[in-house]
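As structure tokens, the structure follows; a few thoughts come after it.
Computed from a predicted model, the values in this text were never measured in an experiment. Nothing fancy with the numbering, it's 1 onward along the sequence. Counting starts at 1 for both ligands and their atoms, in listed order.
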Amino acid sequence: MGKYTDELRKFVAPEFVFGSGAALLAGQYAANLSIKKALVVTGPHLEALGWPGKVVDSLKREGVESVVFSGVTPNPRDHEVMAGAELYLRENCDSIVAVGGGSPMDCAKAIGVVCTNHQHVLEFEGVDNVRHPGPPMICIPTTAGTAADISQFCIINAVERKVKIAIVSKTMVPDVALIDPALTVSMDAKLTAYTGVDALTHAVEAYVSNASSAVTDLNAIEAVRLIHRHLLRAVEDPKDMEARSGMMLASTYAGLAFSNAILGAVHAMAHSLGGLLDLPHGQCNAILLDHVVDFNFEAVPEKYSDLGRALGADISTGMPLDEAREATLDAFRSLKQAVGIKDNLCELGMSADDVGLLAENALMDACMLTNPKQPSIGEVMGLYEEAC
Ligand SMILES: [Fe+2]
């Protein structure tokens, strides 16, 4: 920790309520924010699960009107954001409530700033490019991984360019996050595993990031410990509420860490895959994670050894570096194996012809800047090929 003492670091976080029953406080919080009519942003499969309906009822009980926008797909597209913004303005909404995983929450954040700035969503690309904050926003996550309810990030698919753009701004942090582990019980084993490894990737990339701090380290390492303790249990028994709460807490800690320390090569490469080939975010991260750990290890060996220990590896102080590296990699690979992640990028549809452009786009992604080691284009191509 000593090395951080002289460095300036800021830490941004929303107000959040964590625990069983948090989601049903939506009405109360909306009333506190003087909301009259909310746009409820969600996905079609979530509507079938009933959570958006329960949130709408909670709003109604407090006299808050709402209109539901469920036209959000995974890897939310720029035109979906613009359609949501049109509905918001047409219906005279004054606020947004997002119910869902990363896609509805990111779409909701983008809809908000499109409406208050009267600009196209793609004009906000980059860091601190949003002039006016969005309307009041409440986020209610239904997965334990993305932490979009906490973060300053919003990732949108620019369809024509076939890239995912990042909007990074304090205006992307919602006013309130209502984090209710009970909402994650309906995730199947696969989604639990992919979203859980997404949370792990957030914690790992934040911990080794060039922009890490004492506060982000604290959150990141505890997230990894919690994931080690709870992810496999949640995958094996989806109804295990203690494991679900542990994973939701891990996701929140990891969100607090990465929102402020930014991410690294795994996310840069996963964003590139999501943009060009429309592949699922969590699955791409899960496939790439150990390959990037292997590549990055030498840049920050002590930090990776801490992460290995948090995942249960027996790494003693003074252990030769190559042994610590193997033990750390073993810990990551064992967890992936245990939760059933065995796929590779070629099975998902990546071909040798895609690798050059994927690597080019990954190198331009904002997340690559905070990776502890700057790879060459050939090295990024090599990482994609290894993950095939
Ligand atoms: Fe992620």
| field | Under 3.5 Å donor-acceptor, R9 side chain and A211 backbone | value |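 Looks like yes, one N/O pair under 3.5 Å.
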| To the nearest 10°, how many degrees is the angle H281 NE2 to the Fe ion (ligand 1) to H202 NE2? |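 Between NE2 of H281 and NE2 of H202, the angle at the Fe ion (ligand 1) is about 170°.
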| query | Nearest to the Fe ion (ligand 1), which N, O or S atom of H267 do we find? | reply |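 Nearest N/O/S atom of H267: NE2.
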| query | With the Fe ion (ligand 1) as the point of reference, which N/O/S atom of D198 is the closest? | reply |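 Minimum-distance N/O/S atom of D198 relative to the Fe ion (ligand 1) is OD1.
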| said: Whether the R131 and T116 side chains hold a donor-acceptor pair (N or O, under 3.5 Å, no angle test) is what I'd like checked. | reply: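 Per modelled atom types, R131 and T116 side chains form no pair under 3.5 Å.
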| Among D106, D365, I167, which one satisfies side-chain contact (heavy atoms from CB on, under 4.5 Å) with I155? |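 Considering D106, D365, I167, a side-chain contact (heavy atoms from CB on, under 4.5 Å) with I155 is found only for D106.
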| message | Using the rule side-chain contact (heavy atoms from CB on, under 4.5 Å), only one of H281, R77, H267 pairs with K164; which is it? | response |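 When H281, R77, H267 are each tested with K164, the side-chain contact (heavy atoms from CB on, under 4.5 Å) holds only for H281.
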